[in-house]
2 protein chains.
Amino acid sequence: MKDSLIELHHTADERLRRDGQRYTANRRALVDALGDTDRPLSMGELLERSEGMAQSSAYRNLSILEDAGVVHRLVTSDDTARYELAEDLTGHHHHVICDTCGSVLDIDAPPELERGVHALAESVAATHGFVVAHHRLDLVGTCAACASARR
Amino acid sequence: MKDSLIELHHTADERLRRDGQRYTANRRALVDALGDTDRPLSMGELLERSEGMAQSSAYRNLSILEDAGVVHRLVTSDDTARYELAEDLTGHHHHVICDTCGSVLDIDAPPELERGVHALAESVAATHGFVVAHHRLDLVGTCAACASARR
DNA sequence: CTTTCTGCAAACGATTTGCAGCAGC
DNA sequence: GCTGCTGCAAATCGTTTGCAGAAAG
């Protein structure tokens, strides 16, 4: 994730333009923040990393970036959203979620597991006429920090 | 889910008592509604099925039922929560989520897929000291109704 | 009787939106 | 200059909470 940063910005710019949007400093800052981490960030974390940006602008821009297919918004269990780069920019991955503190970690699943999920998706498509666009696999539990804090 | 309804109420009663709570008519109505469907219900759907219950009572009781381990609350992508019976009451299952209308369908995954997920959970526990309590596998896409409405 | 529930209305917190000024092209 | 972006403050919306009366044990 070092020199691919340039490419990341290029892609973001391109996708925004396709939507008739500009790639402004605020939007670049958000993409920078998301490109610089290995886990989804909450609004608070994004604002910390985006010196001086109004919260409303962050929300607005994240929504626009999501429409452009640059950013993905996810809701875990607590009621605050988290944001990450779109999957085609980061590679497919899954999440480990601490339901005590809400923190999220990225992980990869072995190929045979992914194959199994795709097979399931096909069977659902066949049975229910449901078009599966993507899937989500979360491991939910207690992170090391919260586990030790609990005692 | 026919004569097990009696057992369901018995279990709910028991778990509430364990928490020093009463199994009131309102709570029974909520459990009835959740026991009578094969998919998670939103607050609106629950209120429709619970004649005359105040919204605040529904929220409060669902939260108490969740604490007692009778109900499980889930958040998908839209920002409204949905509720279902706890997994040990319904059996383990997964969700198919329409990201257009937010509707949710229950499905089962084949055992070998479940085994794969458990193996992944163990490897995460070993690597990150994360205690995996359960997992979530969602297939996200467009339901048949929304797919046909879209054209 | 005492304690827990309930409905109502007010409070909350995350997110959204209206608006007037500033910035990109 | 025109159009879109920004910050600010006000508005929304799902959800939570305080309170006084009703119900369960």
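These values consider heavy atoms only, across backbone and side chains, with no hydrogens, waters or symmetry-generated copies. So you know, we letter chains A, B, ... as the sequences are listed, proteins then strands, and number each from 1.
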Using atom [atom1] of [X] as one end and atom [atom2] of [N] as the other, report the distance to the nearest whole Å.
X: A:L30; N: D:dC5; atom1: CG; atom2: P; result: 14 Å
X: A:Y23; N: C:dC25; atom1: OH; atom2: P; result: 13 Å
X: A:Y83; N: C:dT15; atom1: OH; atom2: C1'; result: 8 Å
X: B:D79; N: D:dT12; atom1: CG; atom2: C1'; result: 11 Å
X: A:D78; N: C:dG13; atom1: CG; atom2: P; result: 15 Å
X: A:L47; N: D:dC8; atom1: CG; atom2: C1'; result: 15 Å
X: A:L46; N: C:dT15; atom1: CG; atom2: P; result: 11 Å
X: A:L16; N: D:dC5; atom1: CG; atom2: C1'; result: 12 Å

Subject >> ILVMFWY cluster, B:I107 and A:V132 together (side-chain gap under 4.5 Å) >> reply: yes
Original post:
Is there a donor and acceptor pair closer than 3.5 Å between the side chain of B:R27 and the base of C:dT6?
Top reply: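 By the distance-only test, no, there is no pair.
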Would you please confirm or rule out a distance under 4.0 Å between OP1 or OP2 of [N] and any side-chain N or O of [X]?
X: A:N26; N: D:dG7; value: yes
X: A:T24; N: C:dA23; value: no
X: B:Q21; N: C:dC5; value: yes

**OP:** Could you go through the side chain to side chain donor-acceptor pair (under 3.5 Å) check for B:S77 and A:R136 one step at a time?
**Re:** CA-CA 11 Å; B:S77 289; A:R136 209 154 56 194; 3.3 Å; yes
**OP:** Applying salt bridge (Lys or Arg N to Asp or Glu O under 4.0 Å), run through A:R15 and A:D88 and close with a yes or a no.
**Re:** CA-CA 13 Å; A:R15 293 188 186 178; A:D88 69 318; 2.5 Å; yes
Original post:
Are A:H92 and A:H135 an aromatic pair by the rule of ring centers under 6.0 Å?
Top reply: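 Yes, they do, as the ring centres are separated by less than 6.0 Å.
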Original post:
Which of residues 51-74 of chain A sit near DNA chain D, with a heavy atom under 4.0 Å from it?
Top reply: A:G52, A:M53, A:A54, A:S56, A:S57, A:R60, A:N61
Subject >> Nearest listed nucleotide, side chain of A:R17, among D:dG7, D:dG14, C:dC25 >> reply: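 Closest of the options to the side chain of A:R17: C:dC25.
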**OP:** Apply side chain to side chain donor-acceptor pair (under 3.5 Å) to B:T76 and B:D78, showing your working.
**Re:** CA-CA 6 Å; B:T76 55; B:D78 55 353; 2.8 Å; yes
Subject >> side chain to side chain donor-acceptor pair (under 3.5 Å) between A:E84 and A:H95, intermediate numbers included >> reply: CA-CA 11 Å; A:E84 62 187 357; A:H95 294 134; 3.0 Å; yes
Subject >> Polar side chain donor-acceptor pair, B:Y83 to B:H72, under 3.5 angstrom >> reply: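 There is no such pair (donor and acceptor under 3.5 Å, judged by atom type) between the side chains of B:Y83 and B:H72.
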